[in-house]
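Both backbone and side-chain heavy atoms feed into the values below; hydrogens, waters and symmetry mates do not.
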Amino acid sequence: MAVTFHRAPVAEIAPLTLYRLLWLRVSVFVVEQEAAYPEIDGRDIEPGAELMWAEDASGAVLATLRILREGRNTRIGRVATAADARGRGLAAELMRAAVELLDREAPGIPILLDAQAQLGDWYGRFGFVVAGEPFAEDGIPHLPMRRTRLTTERLVLREWTRSADDRAFLFDLYRRPEVRRYIGDGSVMTDAEEVDALLERWAARADGVLGVRAATAPDGTRLGVILLKPIPWSDGVGADRPEDIEIGWHFHPDAAGSGYATESAAAVLELAHATGISRVVAVTHPDNAASQSVATRLGMRAVGLTDDYYGTTCALFVSERAS
């Protein structure tokens, strides 16, 4: 029997179809999972909320999910498939359609979801990564997950995952003296397990458009790291000052000279300003002429040397735009 896919806000869904959608959700999340909670939670009628669903020729709802458009993020939830329709890939079709829609609509804006823990790998197929500590909701273990995707002419900027390939690239990147020379104290990674701690720190910094992204070619070749995150003040400096946001870039030597750092950083800098971050800074070691050239190409203003950040002397570049 033919299956069709649909998307609409609650106010535009025919009453019988809406009844079937909500019946499916209650059947799965309340009855099947034995969780007594308010499935009809009021969020379906928020501004920007939409339901997506698959139905057969008889009008039976086979699978559904919900899209929410929040202030700093978008969100997918209430992903459910009728028991007799499972194994047909219908939920996957809805997920692909939802992320493609949100990527087109709000490039670079994170998509969040709270996954039941046993489904974490399934959501990983769509680019979602764990972005926080596990938690229990109505007695069911959950994982907060996040997905971002921003494209440029030659690049894809996405979340770092715990995949073997991502981890191997990061270890290879940060074990190289020429990459670490101007980062921190210059020490290199010596153990691949250090990557796990690094990924944990990066996950903790993800907030709205803030986070640490992988820069890859469209074919998936990993090229480098783009950072957009709060920058730590030096001791005794920032007590009465608003938090500054830092942009940074670490690229593999094999990608040097191709303009990838400038291209990816320009996209992230534009995203930051477009989402209300009026001031973004970049700091480099005073001797790091290559990174200073990137900041200049981005149109960032050279301010000179500063001791305000990281407890050391840095060359400071600033990009400011009225919010």
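- Legend: ring pair (Phe, Tyr, Trp, His ring centres under 6.0 Å) pairs involving residues 12-40, not counting sequence neighbours: none detected.
- Using a 4.5 Å heavy-atom threshold, the side chains of V268 and I247 count as touching.
- For Y182, the ring pair (Phe, Tyr, Trp, His ring centres under 6.0 Å) partners are H285, not counting sequence neighbours.
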Identify each donor-acceptor pair in which a side-chain atom of residues 251-260 lies under 3.5 Å from a protein atom, sequence neighbours left out, and give them as a table.
from : atom 1 : to   : atom 2 : distance (Å)
H252 : ND1    : D254 : N      : 3.0
H252 : NE2    : D172 : OD2    : 2.7
H252 : NE2    : R176 : NE     : 3.3

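- Connectivity analysis of hydrophobic side chains (ILVMFWY, heavy atoms under 4.5 Å, direct or indirect) links W160 to F169, L170, F171, L173, Y174, V179, I183, M189, V195, L198, L199, W202, V212, V225, L227.
- The side-chain hydrogen bond (donor to acceptor under 3.5 Å, both in side chains) pairs that include a residue from residues 232-241 are R241-D308, where partners are two or more places apart or lie in different chains.
- Applying the salt bridge (charged side-chain N to carboxylate O under 4.0 Å, His left out) criterion to E50, with sequence neighbours excluded, gives R7, R69.
- In this structure the side chain of D56 reaches within 4.5 angstrom of the side chain of L62, judged on heavy atoms.
- Remark: R175 does not engage E194 in a salt bridge, criterion side-chain N to carboxylate O under 4.0 Å.
- Ion pairing of E263 with R154 is present here, as a side-chain N (NZ or NE/NH1/NH2) and a carboxylate O approach within less than 4.0 Å.
- The pair R181-E178 fails the salt-bridge criterion, with no side-chain N (NZ, NE, NH1 or NH2) lying under 4.0 Å from an Asp/Glu carboxylate O.
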Let me check something: any side-chain donor-acceptor pairs from residues 110-124 under 3.5 Å, sequence neighbours excluded? List them with distances.
from : atom 1 : to   : atom 2 : distance (Å)
Q116 : OE1    : Q118 : NE2    : 3.0
Q116 : NE2    : Q33  : OE1    : 2.8

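- Checked against salt bridge (charged side-chain N to carboxylate O under 4.0 Å, His left out), R147 has the following partners two or more places apart in sequence or in another chain: D103.
- For the salt bridge (charged side-chain N to carboxylate O under 4.0 Å, His left out) test, no residue two or more places apart in sequence or in another chain qualifies with R149.
- Remark: E39 engages R25, R78 in a salt bridge (charged side-chain N to carboxylate O under 4.0 Å, His left out) (not counting sequence neighbours).
- Note that the CZ atom of R75 and the CZ atom of R146 stand 11.5 Å from one another [nearest 0.5 Å].
- In this structure A272 satisfies the side chain to side chain contact (heavy atoms under 4.5 Å, CB included) test together with L228, I277, V280, sequence neighbours excluded.
- Judged purely by atom type and a 3.5 angstrom limit, S264 uses its side chain to pair as donor or acceptor with the backbone of A261.
- Judged as a ring pair (Phe, Tyr, Trp, His ring centres under 6.0 Å), the pairs with a partner in residues 39-85 (not counting sequence neighbours) are, in order, H6-W53.
- A salt bridge does not link E55 to R20: none of the charged nitrogens lies less than 4.0 Å from a carboxylate oxygen.
- Looking at E270 and R321, a side-chain N of the basic residue comes within less than 4.0 Å of a carboxylate O on the acidic one, giving a salt bridge.
- Note on E70 versus R43: salt bridge recorded, some NZ/NE/NH1/NH2 to OD/OE distance being below 4.0 Å.
- Side chain of T17 to backbone of I13: no donor-acceptor contact under 3.5 angstrom is found.
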